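Presented below is the structure to which this report refers.
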There are 2 protein chains.
Amino acid sequence: MGISERKERERQEMRTKIIDAATAMFMTEGYEKTSIRNIAEKIEYSPATLYLYYKDKDELLYEVQKQAFSKLEEAFAREVNSTDPLERLSQICHSYVHFGKDNPKMYDLMFMMQAPMNTIKENEPWKNNKDSFVVLLDCLTECMEKDLLRFDDAMLAAFSVWAMGHGLVSLNVSCRLQTMNMTGANVDVLITTAIDQYLKQIKK
Amino acid sequence: MGISERKERERQEMRTKIIDAATAMFMTEGYEKTSIRNIAEKIEYSPATLYLYYKDKDELLYEVQKQAFSKLEEAFAREVNSTDPLERLSQICHSYVHFGKDNPKMYDLMFMMQAPMNTIKENEPWKNNKDSFVVLLDCLTECMEKDLLRFDDAMLAAFSVWAMGHGLVSLNVSCRLQTMNMTGANVDVLITTAIDQYLKQIKK
DNA sequence: TTTGGAAAATAAACAGTGTTTAGTAAATTT
DNA sequence: AAATTTACTAAACACTGTTTATTTTCCAAA
């Protein structure tokens with residue numbers, strides 16, 4: 001009975017082969033400019049073969065999104081380690097912003113693009129985001145147990161902090177900060193300053 | 001010499017005819033699913049004709065974006081009227097959030113999508129956003145002159161408030177709030193609550 | 001009023017896209 | 001060795017944005 005196991009293994013290998021190629025091309029060229037044909041050519045298979053492993057291009061993107069969230073969780077695991085909950089909150093925020101700055105294309109498909117969400121519709125709720133959100137929620141819950149923040153509800157606090165972080169990062173990723181004429185380096189300072197200011201403002 | 005004036009007038013009429021059709025279709029079907037051929041068919045001209053009036057599809061979208069920002073400015077003009085700067089700040093925030101909730105497709109192309117920004121590149125800086133941003137900046141400048149807010153710099157304050165508002169709205173528009181399982185009505189309450197909470201937190 | 005030329009509109013083509021279908025080649029089972 | 005299942009692909013379908021060559025429409029001068 002080793003054959004069906006090998007087949008299943010080979011199937012998984014093929015899936016990751018496809019996803020890896022797709023990820024690489026989405027990151028360098030962007031989603032729209034990456035075609036199924038390009039991906040197929042890169043892994044030296046015919047375009048039709050991809051459809052034996054993934055339903056459509058959106059599902060491919062959804063899988064890439066999954067991987068991107070793992071990257072964010074890894075970043076959190078590396079950079080969020082303080083036992084002081086307020087300090088940890090700061091680490092989470094800066095880790096998040098840093099991730100967005102270093103991986104704009106990933107950030108785009110994780111939090112901004114419509115395409116990968118089309119795969120959900122009517123299905124189970126989206127949960128790619130869950131683990132990293134829970135890191136934030138747990139941190140804020142601890143902060144509030146110790147009465148450190150000017151919030152009444154941990155969930156509202158988590159949502160607010162996320163919204164602020166996302167607002168700062170996504171306006172940058174979507175190039176909307178051209179409104180305030182600044183160079184790239186200044187934008188980084190601006191975002192970091194805004195985050196620190198916000199943390200001070202919500203602190204009790 | 002009335003002929004060349006009529007021609008110019010007819011040219012402008014054609015341009016608005018195209019933009020109006022494009023706007024309507026972008027709003028109902030979305031940018032990707034709206035094709036040049038569809039727009040051409042709607043206004044009963046050949047696809048090639050559109051290229052006599054607009055360089056490419058991105059430029060079309062850029063023009064639609066311009067109109068969308070006018071709509072936002074109209075909303076501000078209608079809903080932002082208090083002489084009390086703090087009250088006015090609240091009106092701006094709620095007007096902004098309300099606009100995003102009522103016009104998600106417009107909000108998307110104004111603040112989230114990459115496509116319309118491709119038209120800028122290397123050109124003059126993007127300024128479609130400027131007027132509405134100045135409304136916010138002026139309000140915050142007045143707030144700070146009267147020492148009402150926990151900010152040191154009006155520009156940073158404007159950026160922060162915008163980021164918070166944008167974060168709240170855009171996470172909703174991009175369907176990322178599925179993370180927190182809520183019905184549509186509850187999401188509205190959550191966003192409004194978050195805004196009000198934030199305004200309290202930045203108040204001196 | 002006819003004619004020449006400019007301007008406006010288009011038909012058709014080009015090079016691409018995501019996806020499906022029908023058919024071939026390989027691997028496994030009988 | 002034959003039959004059957006599995007894996008793959010060539011070719012087609014119905015689109016897409018955009019360009020080119022051609023036709024139609026319009027206006028001015030002869």
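Letters A, B, ... mirror the listed sequences (proteins, then strands); counts begin at 1. Keep in mind it's a predicted model, so treat the numbers as computed, not measured.
Rounded to whole Å, atom P of D:dA14 lies 20 Å from atom NZ of B:Lys33. In this structure, the CG atom of B:Leu50 is 13 Å from the P atom of C:dA11, given to the nearest Å. Here the P atom of nucleotide C:dA9 and the CD1 atom of B:Ile43 are 10 Å apart, to the nearest Å. Rounded to an integer number of Å, the gap from B:Glu10 CD to C:dA9 C1' is 13 Å. Atom CD of B:Glu32 is separated from atom P of D:dC15 by 18 Å (rounded to the nearest Å). Between the P atom of D:dT16 and the CD atom of B:Glu41 lies a distance of 10 Å, rounded to the nearest Å. Spacing between atom OH of A:Tyr31 and atom P of C:dT17 amounts to 13 Å, rounded to whole angstrom units. Between the CE atom of B:Met25 and the C1' atom of D:dT16 there is a distance of 14 Å, given to the nearest Å.
Residue B:Tyr53 places its side chain closer to C:dA9 than to any other of C:dA8, C:dA9, D:dT18. Of all nucleotides listed (C:dA27, C:dA9, C:dT19), C:dA9 comes nearest to the side chain of B:Leu52. Each of C:dT10, D:dT18, C:dT20 was ranked by its minimum atom distance to the side chain of A:Ala48; first place goes to C:dT20. The B:Lys57 side chain lies nearest to D:dG17 when the options are D:dC8, D:dG17, C:dA7.
A:Phe159 has its ring centre no less than 6.0 Å from the ring centre of A:His166.
In this model, a donor atom of one side chain and an acceptor atom of the other lie less than 3.5 Å apart for A:Glu79 and A:Ser95. Using modelled atom types and a 3.5 Å distance limit, the side chains of A:Asp56 and A:Tyr62 yield no donor-acceptor pair.
Between the base of C:dG18 and the side chain of A:Arg37 there is a donor-acceptor pair shorter than 3.5 Å.
Distances shown here put every side-chain N or O of A:Asn38 at or beyond 4.0 Å from the OP1 or OP2 atom of C:dG16. Regarding contacts with the backbone of C:dA9, every side-chain N or O of B:Tyr51 stays at 4.0 angstrom or more from both OP1 and OP2. Residue B:Thr49 places none of its side-chain N or O atoms closer than 4.0 Å to OP1 or OP2 of C:dA9.
Residue-level contact check: A:Ser35 touches the backbone only, with heavy atoms under 4.0 Å from sugar-phosphate atoms and none from bases.
By the 4.5 Å heavy-atom criterion applied to side chains, B:Lys105 and B:Tyr31 are not counted as neighbours.
The aromatic rings of B:Phe69 and B:Phe111 sit perpendicular, their planes meeting at an angle over 60°, well past the 30° parallel limit.
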